[in-house]
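Worksheet: one structure, shown below.
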Protein chains: 2
Amino acid sequence: MIKQMDGGVTAAQGFQAAGAAAGIKYENRKDMALVYTREPAVAAGTFTTNVVKAAPVLWDKELIEKGNPVHAVVLNSGIANACTGEEGKENNVQMAAAVAEELSVSVQEVLTCSTGVIGMQLNMEPVKKGAELLKEALADTREAARAAAEAIMTTDTCPKECAAEFETEGKKVVVGGMSKGSGMIHPNMATMLSVITTDACIGQELLTETLRSVVGDTFNMISVDRDTSTNDTCIVLANGMSGIPEIKKGTKAYEAFREALLHVARELAKQMAGDGEGCTKLLEVKVENAATVEAAKQLSKSVITSNLVKTAVYGSDANWGRILCALGYAGVEFDPEKVDLTICAEVQEGMVSIVLVKDGVATEYSEEEATKLLSQSEVSVVCDMKQGNASAVAWGCDLTYDYVKINGDYRS
Amino acid sequence: MIKQMDGGVTAAQGFQAAGAAAGIKYENRKDMALVYTREPAVAAGTFTTNVVKAAPVLWDKELIEKGNPVHAVVLNSGIANACTGEEGKENNVQMAAAVAEELSVSVQEVLTCSTGVIGMQLNMEPVKKGAELLKEALADTREAARAAAEAIMTTDTCPKECAAEFETEGKKVVVGGMSKGSGMIHPNMATMLSVITTDACIGQELLTETLRSVVGDTFNMISVDRDTSTNDTCIVLANGMSGIPEIKKGTKAYEAFREALLHVARELAKQMAGDGEGCTKLLEVKVENAATVEAAKQLSKSVITSNLVKTAVYGSDANWGRILCALGYAGVEFDPEKVDLTICAEVQEGMVSIVLVKDGVATEYSEEEATKLLSQSEVSVVCDMKQGNASAVAWGCDLTYDYVKINGDYRS
């Protein structure tokens with residue numbers, strides 16, 4: 001039994017955070033964040049599968065693979081530090097070193113994340129000033145977590161945080177996290193930036209295995225624009241400060257921990273999809289009764305990434321042919337004449353469903369009613385494949401004028 | 001040596017065409033087309049790989065696989081006749097039968113194509129009226145070819161036609177074609193609708209083999225929105241009326257024929273990409289020095305389908321990081337620190353190129369000059385991978401407000 005709670009990266013014991021306006025690229029907006037744990041933490045991470053990997057991604061991968069204990073994660077949201085060559089790698093180490101010095105820890109104990117414009121070099125002066133500001137602002141408060149979540153936003157319109165708790169051995173264990181991501185969102189083995197903290201006590205191998213499986217059902221199931229970024233990173237830090245014995249696989253404590261991590265990751269993922277660049281709606285696509293989980297994932301992701309589905313959802317148009325079409329090119333075999341499609345949304349009267357398609361052809365549904373459901377801010381589509389009993393859920397958003405506006409003119 | 005010529009589906013000897021306003025879905029706009037050959041033609045076709053296949057696609061595949069001689073192709077642009085079940089299949093046969101009766105040929109000698117809204121049933125009354133109108137209007141003139149090309153347009157803003165000729169054995173051979181397609185364009189083994197006619201004499205096996213390889217380098221290399229349609233169809237009819245002996249593989253006549261077919265298909269494909277829904281620019285992406293042709297195709301298609309690249313091109317923003325990012329998630333291994341990126345466009349001074357990226361990092365190019373090139377109506381990007389000597393070209397377009405507008409409100 002897990003419980004959602006208010007909070008972010010400082011919800012778990014022993015974690016502090018801060019956000020600061022360092023002037024990395026723009027003046028007077030928070031653009032550097034720090035997450036710090038007094039006790040060294042076990043770290044696990046998943047990273048972008050893009051062949052083009054940003055300097056901080058290469059740095060974190062190497063440190064985490066070595067199994068180093070981690071004291072801090074420093075993040076900036078002005079410059080992605082991707083496609084920046086040797087100079088970019090050196091700047092990244094300098095950013096870690098500046099924070100390490102402030103915190104009196106080793107540079108090898110500081111992970112880094114960057115997001116922002118690709119191809120520009122980091123200016124080290126604001127980074128060093130930022131490291132000082134972050135050290136001064138570090139706190140274990142709710143406000144400090146929020147400041148960190150705000151400092152990693154780029155085109156995001158709101159900070160993304162979630163925390164959950166459970167009890168084991170009479171002690172409370174907390175998992176809390178933050179993430180950012182609004183455009184270039186099509187995570188593959190990882191997502192844009194997310195840092196999750198926990199005071200659970202858990203070995204690196206089990207933490208890594210758990211994170212991978214959780215990410216596969218959460219961050220890897222969202223898409224804003226089918227563009228897998230160069231900087232995708234999800235880091236989990238476990239500092240053991242809850243005082244529980246080490247969590248072992250197959251125990252109740254493990255199940256509760258996995259559930260808490262899954263909950264936090266899923267909520268953060270949904271917050272990202274629902275805040276996709278320019279979007280007005282969160283689109284959830286559930287594929288049921290597919291032959292395998294892999295097939296269900298492919299089918300649901302194909303629907304949430306279709307520009308034609310996304311524009312129809314924007315226009316509140318129940319153009320279900322586009323949904324069936326997107327299922328059809330997902331690379332999965334199925335019988336189109338067996339598929340049922342249902343849309344659901346919460347309206348004033350409560351949760352309402354309309355079956356649009358039964359056995360591959362249109363029902364006599366009311367277009368007016370369907371448009372009413374599709375006009376809500378959260379819309380679900382259920383695709384019943386009638387092939388087996390595997391299911392998957394993916395989250396995306398509509399494609400709007402504002403997406404084009406934001407991305408036609410991002411750099412200026 | 002082939003020569004481009006003015007013309008479309010009636011350019012080759014023995015072909016007639018017509019377009020008519022039958023009122024399939026809207027009144028007073030051409031929505032049915034017919035291509036007819038007096039002498040029965042050998043037919044080859046490539047079709048959508050979408051699991052969801054429209055009724056006309058299933059019909060044509062079966063007839064062509066049987067090796068039936070073909071007398072006519074009837075096309076409508078109001079209703080896609082996809083996801084319409086048994087009733088849709090029956091309506092499709094009725095459409096072929098109506099035309100067969102008018103032309104006094106067997107229903108098995110009439111191919112069909114449909115494009116338009118998915119999921120709605122064809123109304124047979126306008127279809128039958130349309131068959132009559134088409135029969136009356138049939139002609140072998142330039143105007144008749146144009147009328148047919150106009151009648152298959154949906155959201156297309158202009159008709160798409162091309163013809164080419166070559167000489168062999170002292171005789172002139174012509175290949176001419178038309179196509180339509182503006183949205184839901186991401187052909188896979190085929191494209192939206194295209195009919196190509198030729199008076200060459202060629203066996204079905206060789207025609208099919210040639211068509212497949214040509215389509216792989218032309219229609220399959222364009223994308224407007226990464227949505228592979230349920231109705232993609234490309235049909236070639238060869239009626240032998242040029243009077244040449246049958247074309248055999250490995251001969252000069254075959255090379256000339258293949259070149260003519262490639263030219264017509266490539267020009268039609270580029271016309272489709274350049275008329276993508278809402279677009280303002282044709283984007284050509286050439287990948288050079290890749291390890292294999294397959295890799296080069298994957299890389300170039302990944303760039304032309306990226307929403308972030310497409311919006312940057314719309315904004316005339318040389319945001320090359322997005323290009324490198326899209327290469328990076330194409331599923332091909334390469335060393336990002338070796339890649340060069342160049343943009344080219346025809347400006348007043350002639351064809352101008354700017355190297356944006358050298359060995360994976362930005363050059364000191366002028367943003368102003370780059371914006372000037374990207375503001376032209378045809379923009380090329382050259383990606384030098386420095387891995388091998390394979391290359392490929394893909395064509396797409398920018399992503400604009402109008403794409404969202406057209407697709408947010410397509411059905412009303």
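From a predicted model like this one, the values you see are computed outputs, not experimental measurements. In what follows, chains carry the letters A, B, and so on, assigned in the order in which the sequence lines appear, proteins first and then strands, with residues in each chain numbered from 1.
- For B/Y314, the part lying under 4.5 angstrom from a heavy atom of chain A is the side chain only.
- If you measure heavy-atom distances from B/V332 to chain A, the contacts under 4.5 Å come from the backbone alone.
- Chain B forms more heavy-atom pairs under 4.5 Å with one residue of A/L324, A/V339, A/V313 than with any other, namely A/L324.
- Look at A/E62 and A/K89 and you find no salt bridge, because none of the NZ, NE, NH1 or NH2 atoms lies under 4.0 Å from a carboxylate O.
- Chain B forms the most heavy-atom pairs under 4.5 Å with one residue out of A/G331, A/P336, A/G85, A/S302, and that residue is A/P336.
- Residue B/S306 touches chain A through both its backbone and its side chain, counting heavy-atom pairs closer than 4.5 Å.
- Ranked by heavy-atom pairs shorter than 4.5 Å toward chain B, the options A/V361, A/T84, A/V357 are led by A/V361.
- Salt-bridge annotation for B/D398 and B/K310: absent, with no side-chain N of the basic residue lying under 4.0 Å from a carboxylate O of the acidic one.
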For this session: I would like to know whether A/K180 and A/T115 meet side chain to side chain donor-acceptor pair (under 3.5 Å); could you show each step before the answer?
Result: CA-CA 9 Å; A/K180 67 80 55 182; A/T115 173; 3.1 Å; yes

Problem set entry | Derivation and outcome, side chain to side chain donor-acceptor pair (under 3.5 Å), residues B/K372 and B/S366 | CA-CA 10 Å; B/K372 189 177 163 195; B/S366 145; over 6 Å; no

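- The residues B/K338 and B/D359 are annotated as not salt-bridged, no charged nitrogen and carboxylate oxygen being separated by less than 4.0 angstrom.
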